[in-house]
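Here's the structure we're looking at; comments come further down.
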Amino acid sequence: MADSKGSVTIRTRKFMVNRLLNRRQMILDVLHPGRGSVPKKELQDILAKKYNVSNNKTIFVFGFKTVFGGARSTGFALIYDSLNDALNVEPKYRLVRNELAKKATGSRKSRKELKNKKKKFRGIKKAKVGGGK
């Protein structure tokens with residue numbers, strides 16, 4: 001077996017420049033023999049060097065599946081032209097994963113109850129309803 005910092009090779013397939021969404025999108029094939037799955041932060045760093053990206057926050061990697069027997073994973077990568085483009089296009093859960101948005105606090109039930117309570121008020125009173133904190 002190789003050491004824990006074994007070499008990682010990235011190959012891209014189906015590379016496409018999407019001008020409508022201001023991003024580059026591709027399928028990643030990650031070869032990592034003698035090592036477990038590669039952390040997404042490490043993949044972001046490698047992609048940033050490969051595609052000359054200054055801000056790692058504009059790179060989103062997700063959907064990785066490791067093939068049976070290990071040593072190879074396949075996933076998807078999106079590289080946005082700017083952080084603003086990423087914030088406008090990406091779904092909220094992916095922004096939370098990339099630490100660009102905050103996850104909603106409180107239980108789901110309490111958030112729904114608060115939403116329905118706010119429906120009964122208008123204007124300034126609506127803002128005063130949620131003051132439980």
Side-chain angles (χ1 to χ4, degrees):
M1 290 242 307
D3 59 343
S4 64
K5 290 284 185 182
S7 64
V8 174
T9 308
I10 290 184
R11 292 195 184 122
T12 59
R13 290 188 290 131
K14 297 188 179 179
F15 182 87
M16 179 180 149
V17 177
N18 189 335
R19 282 292 116 215
L20 289 174
L21 299 176
N22 295 323
R23 71 184 183 194
R24 292 170 274 181
Q25 52 196 50
M26 65 206 83
I27 294 176
L28 292 181
D29 290 327
V30 183
L31 303 171
H32 47 94
R35 166 176 189 182
S37 58
V38 184
K40 291 177 183 176
K41 294 285 182 197
E42 191 175 326
L43 293 175
Q44 284 178 332
D45 294 337
I46 295 169
L47 285 173
K49 286 179 193 168
K50 188 173 183 178
Y51 290 101
N52 300 322
V53 178
S54 59
N55 189 356
N56 279 9
K57 296 282 187 186
T58 60
I59 300 174
F60 293 80
V61 288
F62 57 94
F64 280 88
K65 303 279 186 217
T66 306
V67 295
F68 181 73
R72 196 169 81 231
S73 302
T74 302
F76 206 70
L78 305 172
I79 303 174
Y80 285 91
D81 295 346
S82 71
L83 191 60
N84 197 31
D85 293 329
L87 292 172
N88 289 337
V89 175
E90 279 296 296
K92 191 159 197 260
Y93 74 93
R94 267 196 231 137
L95 293 174
V96 170
R97 285 181 189 170
N98 247 28
E99 299 165 359
L100 293 173
K102 292 199 175 190
K103 191 174 182 179
T105 57
S107 67
R108 182 179 167 131
K109 185 176 180 182
S110 65
R111 283 183 283 159
K112 284 179 174 268
E113 285 174 352
L114 182 63
K115 172 190 65 110
N116 289 328
K117 201 181 287 185
K118 283 184 178 181
K119 285 181 185 176
K120 296 174 186 168
F121 295 97
R122 290 174 52 104
I124 297 171
K125 292 180 183 177
K126 187 176 275 199
K128 293 180 182 176
V129 170
K133 296 176 185 168

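Side chains included, hydrogens not; waters and symmetry mates left out as well; all remaining heavy atoms used.
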Grab the two heavy atoms, one from Leu83 and one from Thr58, that are nearest each other, plus how far apart they are.
N-CG2, 3.6 Å
Given the rule that I, L, V, M, F, W and Y join up when any side-chain heavy atoms are under 4.5 Å apart, are Val53 and Val8 in one cluster?
yes
Arg122: which residues meet the side chain to side chain donor-acceptor pair (under 3.5 Å) condition with it, sequence neighbours left out?
none
Does anything in residues 6-39 pair up under ring-ring contact (aromatic ring centres under 6.0 Å, His included), and if so which pairs, sequence neighbours excluded?
Phe15-Tyr51
Provide the full list of salt bridge (charged side-chain N to carboxylate O under 4.0 Å, His left out) pairs with a residue in residues 63-77, sequence neighbours left out, each pair given once.
none
Could Arg13 and Asp29 be called an ion pair, given the rule that one side-chain N must be under 4.0 Å from one carboxylate O?
yes
Which atom names give the shortest non-hydrogen contact between Arg35 and Val38, and what distance separates them?
NH2-CG1, 4.3 Å
According to a hydrophobic-cluster definition based on side-chain heavy atoms being under 4.5 Å apart (Ile, Leu, Val, Met, Phe, Trp, Tyr only), do Ile79 and Val89 belong together?
no
Working to the nearest 0.5 Å, report the span between CZ of Arg11 and OG1 of Thr74.
11.0 Å
Check whether any side-chain heavy atom of Leu95 lies under 4.5 Å from a side-chain heavy atom of Phe60, and answer yes or no.
yes
Are Ile46 and Leu78 connected in a single hydrophobic cluster, I mean Ile/Leu/Val/Met/Phe/Trp/Tyr linked by side-chain heavy atoms less than 4.5 Å apart?
no
Testing the basics here: between Ser110 and Ser107, what is the closest heavy-atom pair and its distance to 0.1 Å?
OG-O, 2.9 Å
Cation over ring, Arg97 on Phe62, under 6.0 Å and within 45°?
no
Give a yes or no on whether Val30 and Met26 share a hydrophobic cluster (residues Ile, Leu, Val, Met, Phe, Trp, Tyr; joining criterion: side-chain heavy atoms under 4.5 Å apart).
yes
Quick check: is Val17 connected to Ile59 through a chain of hydrophobic side chains (ILVMFWY, heavy atoms under 4.5 Å apart)?
yes
Considering the options Glu113, Lys119, Lys120, Lys118, which one meets the side-chain hydrogen bond (donor to acceptor under 3.5 Å, both in side chains) requirement together with Asn116?
Lys119
Any side-chain heavy atom of Leu100 sitting closer than 4.5 Å to one from Leu87?
yes
Compare all side-chain heavy atoms of Asp81 with those of Arg19 and state whether any distance is below 4.5 angstrom.
yes
Determine whether more than 12 heavy atoms belonging to other residues, nucleotides or ligands lie under 6.0 Å from atom NZ of Lys117.
no
Could you measure the distance from the NZ atom of Lys92 to the NZ atom of Lys103? Nearest 0.5 Å is fine.
10.5 Å
Close side-chain approach of Thr12 and Arg24, heavy atoms under 4.5 Å
no
I'd like to check Thr66 versus Phe64 (side-chain heavy atoms, cut-off strictly below 4.5 Å). Are they in contact?
no
Can you tell me if Lys50 has over 12 outside heavy atoms packed within less than 6.0 Å of its NZ?
yes
Smallest heavy-atom separation, Asn56 atom then Ala48 atom, equals OD1-CB, 3.2 Å
Check whether any side-chain heavy atom of Leu47 sits under 4.5 Å from a side-chain heavy atom of Leu28, and report yes or no.
yes
Do Lys14 and Gln25 come within less than 4.5 Å of each other through their side chains, counting heavy atoms only?
no
Heavy-atom neighbours of Arg111 CZ exceed 12 at 6.0 Å
yes
Using the side chain to side chain donor-acceptor pair (under 3.5 Å) rule, take Asn98 and Glu90 through it: C-alpha gap first, then chi angles, then the decisive distance, then the call.
CA-CA 10 Å; Asn98 247 28; Glu90 279 296 296; over 6 Å; no
